[in-house]
2 protein chains.
Amino acid sequence: MTTIADVARYAGVSVATVSHVMNRTRHVEPETAERVRSAIAALRYNPNSLARSLRRGETKTIGLLVPDNANPFFASVARQIEDAGFVAGYTVILCNSDGSAEKEERYLQVLMAKQIDGLIFAGSSDHARVFSSLLPSVPAVLLDREIHSVNVDSVLVDHDHGGYLAGRYLVGLGHKKFGVIGGPRDSSSSPARLQGFVRALQEAGLDLPASSVVDSDYHFVGGRVAMEQLMAQAPGITALFACNDLMAMGALTVLRGRGLRVPDEMSIVGFDDIPYAVTTWPPLTTIAQPVEKIGTRAVSLLMQRLGGPEAPSRREILAPALVERESCAPARK
Amino acid sequence: MTTIADVARYAGVSVATVSHVMNRTRHVEPETAERVRSAIAALRYNPNSLARSLRRGETKTIGLLVPDNANPFFASVARQIEDAGFVAGYTVILCNSDGSAEKEERYLQVLMAKQIDGLIFAGSSDHARVFSSLLPSVPAVLLDREIHSVNVDSVLVDHDHGGYLAGRYLVGLGHKKFGVIGGPRDSSSSPARLQGFVRALQEAGLDLPASSVVDSDYHFVGGRVAMEQLMAQAPGITALFACNDLMAMGALTVLRGRGLRVPDEMSIVGFDDIPYAVTTWPPLTTIAQPVEKIGTRAVSLLMQRLGGPEAPSRREILAPALVERESCAPARK
DNA sequence: GCGCGACATCGGCAATCGTCGTCATGACCC
DNA sequence: GGGTCATGACGACGATTGCCGATGTCGCGC
């Protein structure tokens with residue numbers, strides 16, 4: 001490996017001068033600077049970031065800790081974060097926790113050892129405990145979670161409002177009897193989505209009997225079994241709200257298997273707007289999470305905090321939006 | 001930040017001793033060692049990886065450069081690599097190139113500066129040029145590409161065989177007239193898949209007229225437009241081979257839109273077996289790429305090379321497999 | 001039984017990795 | 001002589017590691 005000393009020798013100057021021309025950190029005679037630059041090019045010199053970071057006390061690296069990069073939602077978020085980080089001059093270390101608090105802790109420790117400048121964390125339900133142990137030694141942004149602490153910001157999605165949008169839309173279509181497939185009870189999102197949905201019904205003077213709600217796990221097959229159960233215990237429903245798209249897709253396949261036509265005999269609204277929501281038939285009407293904004297806003301908050309670590313902690317709330325496709329129809333008389 | 005010197009002072013020993021107890025690098029009086037360990041715990045000391053790496057000349061970090069982490073195939077591969085790396089004590093830096101040679105080069109430079117121990121690279125069609133400029137300063141594993149060089153290994157998928165499997169399967173079902181939706185001509189995979197497919201037909205004495213092949217871009221909407229075109233220029237086909245699942249899904253939706261029943265009136269085989277292949281209706285019969293193996297084999301090759309950098313370069317060829325679901329049926333008389 | 005050297009055990013000093021920033025130095029001009 | 005200006009020397013940054021010194025143990029020869 002060629003070092004700054006090699007360059008200095010080659011150009012006939014001191015290492016300090018080489019450093020200063022690279023970083024434009026003080027004036028150097030144009031002629032000398034040129035000699036240095038051509039030495040750099042000739043030797044194909046690439047400065048060692050480790051040494052630089054050790055010296056400067058910053059690594060230009062951010063840690064990203066998510067439950068599962070194979071989940072398209074997190075994959076998209078990771079992609080956005082990586083992109084936004086890149087333009088700001090940062091690289092990202094990717095970590096998958098599987099939602100395990102133990103793995104989260106181990107990763108956090110590794111990341112701290114690597115002296116990351118900042119952390120973006122989509123944590124487990126137990127995130128508070130995990131997190132407080134390491135806090136607040138590094139600026140962090142939480143995704144879809146909140147924690148009361150200095151130098152920790154949050155990017156939140158208004159799940160309640162998303163659920164409300166779904167409810168109001170189906171009510172507007174004239175539906176009266178609804179089914180719901182919920183996500184995990186201990187997630188940060190599902191209860192809020194359900195709550196918003198119920199509020200929309202109540203505003204219209206409608207209610208949601210307990211037998212019309214089946215909780216599941218946010219997965220495709222979970223959606224399938226939940227739909228089976230729903231059809232058994234809540235006959236006569238004409239509209240379904242699935243708390244995420246994957247479960248909506250599962251429900252869609254069992255309906256098709258049973259010969260029930262969507263949307264004619266059953267309207268379906270999902271949540272998330274994953275890329276595959278358009279690949280179903282009919283394409284899925286759903287509540288879109290602003291995925292690209294989640295990533296870019298998170299990075300933006302982090303950058304601001306790196307600029308001014310003492311600012312009060314902030315929370316950014318992003319609005320979901322209804323995207324109409326073809327899985328819903330007006331209720332039939 | 002607390003340093004090794006703090007620990008040494010607290011425990012009343014030298015920094016050398018602290019280092020030796022942490023790394024078990026020579027015998028230390030049990031009593032002393034215990035004092036050091038409790039000092040570490042008391043101060044919540046976490047060694048600075050930068051300094052360690054600078055000194056040791058290894059970072060326990062691998063770079064992963066893929067076209068797009070939002071693509072479920074690469075997202076899964078990334079997940080697997082991250083997992084396998086973690087158990088081996090490595091963390092991964094994720095980079096998205098969008099297939100742009102320029103971005104690839106810039107990332108490679110950043111990764112080299114960060115002194116990664118190894119690289120896993122799913123490169124663009126222009127990878128050879130990009131790569132040779134930086135080569136062979138770091139051990140690397142190429143995904144789905146080959147390059148003739150020392151200390152560069154490859155993990156390949158036998159796309160030709162995959163295409164052959166698809167062809168033989170459809171031929172076995174009694175089909176005679178086929179349509180094909182191809183991927184990009186300059187990809188490493190699509191031409192091979194097509195070639196294998198054609199070979200299977202030839203073995204059965206069947207042929208594939210040029211008008212029955214439409215090239216596309218591996219995306220969902222690309223699959224849609226290709227299918228439209230195919231129906232216009234190749235009427236009478238009863239079986240379709242789409243060179244990836246996304247395009248197969250696109251084709252599926254246009255068929256449904258036109259009221260053609262799958263699989264009764266049209267059989268479809270995809271390629272990749274992305275997680276969403278089961279979410280369509282009917283579930284998609286497809287040629288599965290061994291995603292998890294790609295990731296784990298890549299890491300394993302890399303680890304072996306880190307162990308013995310001088311070994312001759314190796315290529316590992318992974319076999320795809322047919323997974324039968326419900327999008328194919330026997331040809332009707 | 002005693003004295004002395006060989007050897008093992010354990011801990012500390014200081015060099016080192018590559019870079020950056022501060023202080024110092026010499027040249028030059030007014 | 002004092003003030004610029006361009007550049008060089010040098011000491012961190014935080015850990016690892018080769019080398020050396022201090023202490024203790026043991027064996028051997030007389």
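Numbered from 1 within each chain, the chains take letters A, B, ... in sequence-line order.
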Test of understanding: with side chain to side chain contact (heavy atoms under 4.5 Å, CB included), list the residues that count as partners of B/R315, not counting sequence neighbours.
B/E146, B/S154, B/L156, B/I317
Among all residues two or more places apart in sequence or in another chain, which pass the salt bridge (charged side-chain N to carboxylate O under 4.0 Å, His left out) test with A/R56?
none
Going by distance alone, is a donor N or O of one side chain under 3.5 Å from an acceptor N or O of the other, for B/N96 and A/D83?
no
Spell out protein contact along nucleotides 7-17 of chain D as letters: B when the base is contacted, S when just the sugar-phosphate is, - when no protein heavy atom is under 4.0 Å; keep the 5' to 3' order.
BBB-BBBBSBB
Side-chain heavy atoms of A/V299 within contact of A/I120, under 4.5 Å
yes
Test log, rule side-chain hydrogen bond (donor to acceptor under 3.5 Å, both in side chains), inputs B/S189 and B/Y218
CA-CA 11 Å; B/S189 51; B/Y218 275 162; 2.8 Å; yes
